[in-house]
Amino acid sequence: MLRTLILTTAIALPLALPTTGFAAGGGSDAKPKKTETTQNCLQARQWDPETKKYVRFSEPVNGVWDADIKKCVRPDKTSHLDSDTLYKAVRELAYAGRYNEAIQVLDQMPEQLDDRVLTYRGFTARKLGNLEQANLYYEQALTVNPDNILARSYMGQGKLAAGDKVAAMTQLREIQERGGAGTWAEASLRDAIQTGSTYNY
């Protein structure tokens, strides 16, 4: 009885808090903005910046738009782009369900042990159905930066998808205690706990 009361209180209190704030994967609660990356770069023909010519794949792949050269660059050859451009591309590709291309872009990131890279690796692993690997990435991200509320939000959503509501609530409380109350990281996890539906951005 007492455990039920504690769990009910733990769920009800955060669900009553405001939901305005920041997107789990970005600076607002908006879905990733569609750019040329997902609007025009799903093609069999992609630019290779190393050979400086187009290459043809056997089937379409989702390249990343390079605004400087105005071309779709193959996802495994994007290391010349700055980190913020790559993060935006990863988020946009993941939202479009192009997880393998998102992983290829992550492979091009200069700092593989950066907590943001590890967080997005966890996200793509979870969306591809590998919850165990996703949790390893989230744990690594949190070892690097225990205040990474995005990793905590995604980890909580993964725990919820695995049927562990208590672990999801634990991550929600951690987000709140680490200054994340009112952010999209908190709101998306709180909404997932309430509805049972997780986010793909």
Side-chain angles (χ1 to χ4, degrees), residues 21-130 133-134 137-138 140-141 145 148-151 153-155 157-158 161 183-185 187-189 191-192 197-201:
F22 301 98
S28 72
D29 63 355
K31 296 172 184 169
K33 181 180 155 187
K34 283 188 177 183
T35 68
E36 287 86 350
T37 292
T38 52
Q39 289 181 320
N40 300 321
C41 291
L42 181 58
Q43 306 169 9
R45 185 174 172 253
Q46 298 285 339
W47 181 256
D48 186 328
E50 291 175 7
T51 63
K52 302 213 183 312
K53 62 182 180 181
Y54 284 100
V55 293
R56 184 165 291 281
F57 292 86
S58 58
E59 58 184 47
V61 296
N62 209 139
V64 175
W65 180 253
D66 183 331
D68 290 338
I69 61 173
K70 308 280 190 255
K71 295 181 189 302
C72 296
V73 177
R74 54 188 287 181
D76 59 338
K77 300 286 184 174
T78 55
S79 62
H80 66 286
L81 297 171
D82 67 89
S83 292
D84 284 339
T85 298
L86 293 175
Y87 281 122
K88 287 176 186 173
V90 167
R91 186 169 181 250
E92 184 180 353
L93 289 167
Y95 181 68
R98 309 295 300 177
Y99 304 118
N100 290 322
E101 285 93 336
I103 290 168
Q104 288 180 322
V105 174
L106 283 169
D107 289 343
Q108 304 300 305
M109 300 296 268
E111 295 181 36
Q112 289 296 307
L113 296 180
D114 179 85
D115 63 306
R116 252 194 332 178
V117 172
L118 294 167
T119 298
Y120 281 107
R121 285 199 181 280
F123 178 84
T124 53
R126 177 168 63 91
K127 286 302 186 176
L128 288 169
N130 193 336
Q133 185 181 26
Y137 283 128
Y138 295 141
Q140 289 175 348
N145 178 7
N148 182 332
I149 61 173
L150 174 60
S153 181
Y154 287 161
M155 177 185 261
Q157 291 181 53
T183 64
W184 179 247
S188 59
L189 179 53
D191 187 57
S197 297
T198 62
Y199 282 73
N200 60 350
Y201 66 96

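Side chains included, hydrogens not; waters and symmetry mates left out as well; all remaining heavy atoms used. Since the structure is predicted, the reported quantities are computational estimates derived from the model, not experimental observations. Numbers here simply count residues along the sequence, with the first being 1.
Closest approach of Pro49 to Val73, counting heavy atoms only: CD-CG1, 3.6 Å. Taking every heavy atom of both residues into account, Ala185 and Ser153 meet most closely at O-OG, 2.8 Å. Shown here for Gly63 and Pro75, the closest heavy-atom pair between the two residues is CA-CD, 3.9 Å.
Side-chain atoms of Leu128 and Ile103, non-hydrogen and from C-beta on, do get closer than 4.5 Å to each other. Considering only heavy atoms from C-beta on, Pro110 stays 4.5 Å or farther from Ser79 through its side chain. Side-chain contact between Tyr154 and Arg126: present, with at least one pair of heavy atoms (C-beta onward) separated by less than 4.5 Å. Side chains of Asp114 and Met109 form no contact here, defined as non-hydrogen atoms less than 4.5 Å apart. At least one side-chain heavy atom of Thr198 sits less than 4.5 Å from a side-chain heavy atom of Lys127. By the 4.5 Å heavy-atom criterion applied to side chains, Asp76 and Asp107 are not counted as neighbours.
If you take CZ on Phe123 and OH on Tyr95, they are separated by 10.5 Å, rounding to the nearest 0.5 Å. Taking CG from Leu42 and CG from Leu93, the interatomic distance works out to 9.5 Å, rounded to the nearest 0.5 Å. Interatomic distance, Tyr120 OH to Leu106 CG, rounded to the nearest 0.5 Å: 9.0 Å. The CD atom of Gln108 lies 9.5 Å from the CG atom of Leu81; values are rounded to the nearest 0.5 Å. Atom OG1 of Thr124 and atom CZ of Arg98 lie 14.0 Å apart (nearest 0.5 Å). Between atom OG of residue Ser197 and atom CD of residue Gln157 there is a gap of 10.0 Å, rounded to the nearest 0.5 Å.
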Stepwise side-chain contact (heavy atoms from CB on, under 4.5 Å) check, Thr119 with Tyr137 = CA-CA 6 Å; Thr119 298; Tyr137 283 128; over 6 Å; no
Could you go through the side-chain contact (heavy atoms from CB on, under 4.5 Å) check for Val61 and Glu101 one step at a time?
-> CA-CA 7 Å; Val61 296; Glu101 285 93 336; 3.9 Å; yes
Start with the C-alpha gap between Gln140 and Leu113, add the side-chain angles, then the distance that decides, and say whether side-chain contact (heavy atoms from CB on, under 4.5 Å) holds.
-> CA-CA 8 Å; Gln140 289 175 348; Leu113 296 180; 5.6 Å; no
side-chain contact (heavy atoms from CB on, under 4.5 Å) evaluation trace for Asp66 with Lys71 = CA-CA 6 Å; Asp66 183 331; Lys71 295 181 189 302; 5.5 Å; no
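In summary, the side chains of Thr85 and Asp82 do present a donor paired with an acceptor at a separation below 3.5 Å, with no hydrogens or angles considered. Side-chain contact of Asn148 with Tyr138: a donor-acceptor pair under 3.5 Å is absent, judged by distance alone. Using modelled atom types, one finds a donor on one side chain and an acceptor on the other under 3.5 Å when comparing Glu92 with Thr38.
Within the 3.5 Å criterion, the main-chain N or O of Trp65 finds a donor-acceptor partner in the side chain of Thr37. No donor-acceptor pair under 3.5 Å is formed between the side chain of Gln43 and the backbone N or O of Asn62. Side-chain atoms of Glu36 do not come within 3.5 Å of backbone N or O of Cys41 as any donor-acceptor pair.
Taking a 6.0 Å sphere around NZ of Lys77, one finds it holds more than 12 heavy atoms contributed by other residues, nucleotides or ligands.
Judged by the 6.0 Å distance and 45° axis criteria, Arg116 is positioned over the aromatic ring of Tyr87.
Ionic pairing of Arg74 and Asp48 is present here: one or more N-O contacts between side-chain nitrogen and carboxylate oxygen are shorter than 4.0 angstrom. Between Arg121 and Asp115, none of the side-chain N atoms (NZ, or NE/NH1/NH2) sits under 4.0 Å from a carboxylate O, so this pair counts as no salt bridge.
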